[in-house]
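So you know, we letter chains A, B, ... as the sequences are listed, proteins then strands, and number each from 1. Being a predicted model, the structure only gives us computed values, none of them experimental.
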Amino acid sequence: MLIRVTQEILDPAEAIASVASPRAGAINVFLGVVRDNNLGRSVNFLDYEAYPSMAEKVMREIAEESVSRFGFEDVAVLHRTGRLEIGETSLLIAVSSGHRAASFDGGHWLVNEIKKRVPVWKKEVWADGESWVEGPEALGMRGPSQS
Amino acid sequence: MLIRVTQEILDPAEAIASVASPRAGAINVFLGVVRDNNLGRSVNFLDYEAYPSMAEKVMREIAEESVSRFGFEDVAVLHRTGRLEIGETSLLIAVSSGHRAASFDGGHWLVNEIKKRVPVWKKEVWADGESWVEGPEALGMRGPSQS
Amino acid sequence: MEITVLLFASVAERAGTRRFTLSLDEPATVGSARDAILAQYPSIAPFVPNLMYALDEEYVREHDAVTPHSTLALIPPVSGG
Amino acid sequence: MEITVLLFASVAERAGTRRFTLSLDEPATVGSARDAILAQYPSIAPFVPNLMYALDEEYVREHDAVTPHSTLALIPPVSGG
């Protein structure tokens, strides 16, 4: 089970190799990527901060829960921190599974739980300012840092 | 839109790079992998045959349909043919999308349609024989080649 | 008229061929072409109930017309992915 | 007793610190520790309604006990992924 919070570039090939299993018929990989816009506003780059040791602990708990819920052969969860440019990968997950349906359903569940529970925060930086994005999907749950 | 039927090894990094887009917040990648068993029987390797020109045509039609159904930024679909060993990738898809839900739902839809419609066939080779697997998931729809 | 016929997978193995030219009386349909193929390769009869057909790389039905110089493919149930 | 307090993201920026040692009367709870932190850094008050708390890297609730030498983290709404 590959679990990592890192400032280094995330490599999908490493995550895929880490979940390989002769019993797996399906591998699902998800990359959360920095988009050039959010809520209609143009984004220059993102700055990710984590509570790294707790983030890895929670990522491992979620990964282990996904194995028992979805019967995965193996799981990899990697989150990058620091400054990320448009197009760079902030979150990388890979799951291996006997069959494809569980790989899609469980992969989606895993990403949702990571976004809900792992202590990581992102700051959006625009041409004319910046703001911590706080809360799920940054929709209606922003903290008072929003100005 | 990267569409390919090939005897060469499929490279997830190539598929991911091909769907990159500044508007994409999510990339979903699916690898169909050769499993060491099917329907309770141990598998030595698989041999994939395609009607390559038509397979690429149908793969492109399905990919284009997925773009209009799920609003993808871009799609890649690659299928390998020839002899594939346990753990090798037979099918590789990548989709890029503004948000993650569409990337999971549409990726799953894409794989299902490919398995239903693309003219590709696999032969399972066991220690003591072989059989063409014909029909969706090889469950209850095998042709008379099953012996 | 003449058309090209393509066989695949189990059907190609049973017939012992993957590609041949077939002469047909006009007008011809996918169904009449299939019957002519069966007359030439009777061993593939057990596969016929499960076949689909593609004309020039497009799925077609039995009553669709076959045009000269087209390519007819017999498509066993697919199992890619 | 003494505990270590960790601040992150918006809260760390507002307080101007990310980590400090806090002295507390025993027995202490997460809530009483939070009140002591607020007394020291009143500027973070607007963030408090949205905070979660982690004690030694485990999410806890306000009435949970704080033990000596533990690490209390104030967790703003997360936004990873």
Side-chain angles (χ1 to χ4, degrees), chain A residues 5 30-35 38 46-62 77-81 84 89-93 108 110-124 130-147, chain D residues 3-22 29-31 33-35 37-62 64-81:
Chain A
V5 172
F30 177 84
L31 293 82
V33 177
V34 179
R35 214 167 55 240
N38 190 29
L46 297 182
D47 209 335
Y48 279 89
E49 178 181 330
Y51 180 2
S53 55
M54 181 173 168
E56 289 189 349
K57 181 169 177 282
V58 177
M59 283 156 55
R60 184 175 301 277
E61 287 166 3
I62 296 170
V77 181
L78 298 94
H79 206 303
R80 194 169 159 201
T81 56
L84 272 79
T89 300
S90 52
L91 173 66
L92 171 61
I93 73 152
H108 198 172
L110 200 48
V111 176
N112 287 347
E113 293 301 309
I114 286 163
K115 284 179 168 265
K116 269 188 248 172
R117 293 156 57 181
V118 177
V120 175
W121 303 270
K122 61 170 159 262
K123 181 194 273 181
E124 284 183 7
E130 60 179 43
S131 171
W132 285 101
V133 178
E134 295 188 341
E137 317 299 310
L139 289 168
M141 280 193 64
R142 288 196 180 190
S145 64
Q146 186 186 19
S147 56
Chain D
I3 65 169
T4 301
V5 177
L6 302 180
L7 307 183
F8 296 96
S10 55
V11 180
E13 279 190 0
R14 185 67 63 96
T17 183
R18 314 185 68 80
R19 181 192 182 97
F20 56 93
T21 300
L22 184 72
T29 63
V30 171
R34 186 262 332 275
D35 294 340
I37 295 163
L38 253 178
Q40 205 164 328
Y41 297 96
S43 67
I44 69 169
F47 297 92
V48 166
N50 293 318
L51 288 179
M52 293 182 70
Y53 304 92
L55 199 66
D56 292 337
E57 306 182 357
E58 194 84 46
Y59 284 113
V60 289
R61 283 166 294 188
E62 292 198 16
D64 286 326
V66 170
T67 49
H69 312 300
S70 57
T71 298
L72 178 68
L74 273 52
I75 310 281
V78 301
S79 56

Classify the side-chain pair Asn38(A)/Glu124(A) by whether it contains a donor and acceptor separated by less than 3.5 Å.
yes

Chain A contact via Leu6(D) - side chain, backbone, both or neither, heavy atoms under 4.5 Å:
side chain

For Ala55(A), which atoms come within 4.5 Å of any heavy atom of chain D: side chain, backbone, both, or neither?
neither

Segment of Glu13(D) engaging chain A (4.5 angstrom heavy-atom cut-off)
side chain

How close do His79(A) and Val120(A) get, heavy atom to heavy atom, and via which atoms?
CE1-CG1, 3.6 Å

Could you list the residues that satisfy side-chain hydrogen bond (donor to acceptor under 3.5 Å, both in side chains) with Glu57(D), not counting sequence neighbours?
Ser53(A)

Look at the aromatic rings of Tyr41(D) and Phe20(D) and report parallel, tilted or perpendicular, splitting at 30° and 60°.
tilted

Assess whether a salt bridge exists between Arg34(D) and Glu62(D), defined as any Lys/Arg side-chain N lying under 4.0 Å from an Asp/Glu carboxylate O.
yes

Are the side chain of Ser10(D) and the backbone of Trp132(A) linked by a donor-acceptor contact shorter than 3.5 Å?
no

Counting heavy-atom pairs under 4.5 Å to chain D, which of Pro119(A), Gly32(A), Ala50(A) comes out on top?
Pro119(A)

Contact origin within Tyr48(A) toward chain D - heavy atom pairs under 4.5 Å
side chain

Can you tell which part of Val111(A) gets under 4.5 Å to a heavy atom of chain D, answering side chain, backbone, both or neither?
neither

Can you say whether Lys57(A) sits under 4.5 Å from chain D via the side chain, the backbone, both, or neither, judging by heavy atoms?
side chain

